[in-house]
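Presented below is the structure to which this report refers.
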Amino acid sequence: LDMFKRPDDPPEYYHLYGIPAAGSLAFYTAGSMSGHVPEINSAAATLSGLLCIGGIGGLSSQSTARLGAASGQAGVALGVASTLGHLQPDLGSTAKIAGLMGIGG
């Protein structure tokens, strides 16, 4: 929200935190699809847990709240991706999961 931003505040580049998040998701996808890295699911789950815990820690202060929100969102996205990658659902189950996630169930 820019309604609390002062004109003399320095520029913020929090949107650039999406680059490492997308990179880690791409690395997980490539490692999972190649089959050469059998422990990629547990590594992604550990990383997503660390990102979520770091996000909670970042929300404890106003100066780090935006960073905490960004790392928490990246952790949840990686956690969902690693869970679905570990389950390896068929197409019908994937469609049901996506539909339920889309409606918020």
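The figures that follow rest on heavy atoms only: side chains count, while hydrogens, waters and symmetry mates do not.
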Assess whether atom CD of Gln62 is packed by more than 12 heavy atoms of other residues, nucleotides or ligands within 6.0 Å. no
Near Leu16 CG, under 6.0 Å, is it more than 12 heavy atoms from other residues, nucleotides or ligands? yes
[X] side-chain N/O to [Y] backbone N/O, donor-acceptor pair under 3.5 Å:
{"X": "Ser82", "Y": "Leu78", "value": "yes"}
{"X": "Ser48", "Y": "Ala45", "value": "yes"}
{"X": "Ser71", "Y": "Gly68", "value": "yes"}

Tell me whether Phe27 shares a hydrophobic cluster with Val37, the cluster being built from Ile, Leu, Val, Met, Phe, Trp, Tyr side chains joined at under 4.5 Å. yes
Could you state whether Leu84 and Leu25 fall into the same hydrophobic cluster, counting links through intermediate Ile, Leu, Val, Met, Phe, Trp or Tyr residues with side-chain heavy atoms under 4.5 angstrom apart? no
Hey, what do you get for [atom1] ([X]) to [atom2] ([Y]), rounding to the nearest 0.5 Å?
{"X": "Asn41", "Y": "Thr83", "atom1": "CG", "atom2": "OG1", "value": "9.0 Å"}
{"X": "Arg66", "Y": "Leu59", "atom1": "CZ", "atom2": "CG", "value": "12.5 Å"}
{"X": "Leu47", "Y": "Tyr28", "atom1": "CG", "atom2": "OH", "value": "12.0 Å"}
{"X": "Cys52", "Y": "Gln73", "atom1": "SG", "atom2": "CD", "value": "10.5 Å"}
{"X": "Met101", "Y": "Thr94", "atom1": "CE", "atom2": "OG1", "value": "11.0 Å"}

Please assess Thr64 against Ser61 for the test side-chain contact (heavy atoms from CB on, under 4.5 Å), listing each intermediate value before the final yes or no. CA-CA 6 Å; Thr64 60; Ser61 171; 3.6 Å; yes
When every non-hydrogen atom of Tyr13 is compared with those of Pro11, the smallest separation belongs to OH-CG, 3.5 Å
Note: Ala74 and Ala21 closest approach over all heavy atoms is CB-CB, 3.7 Å
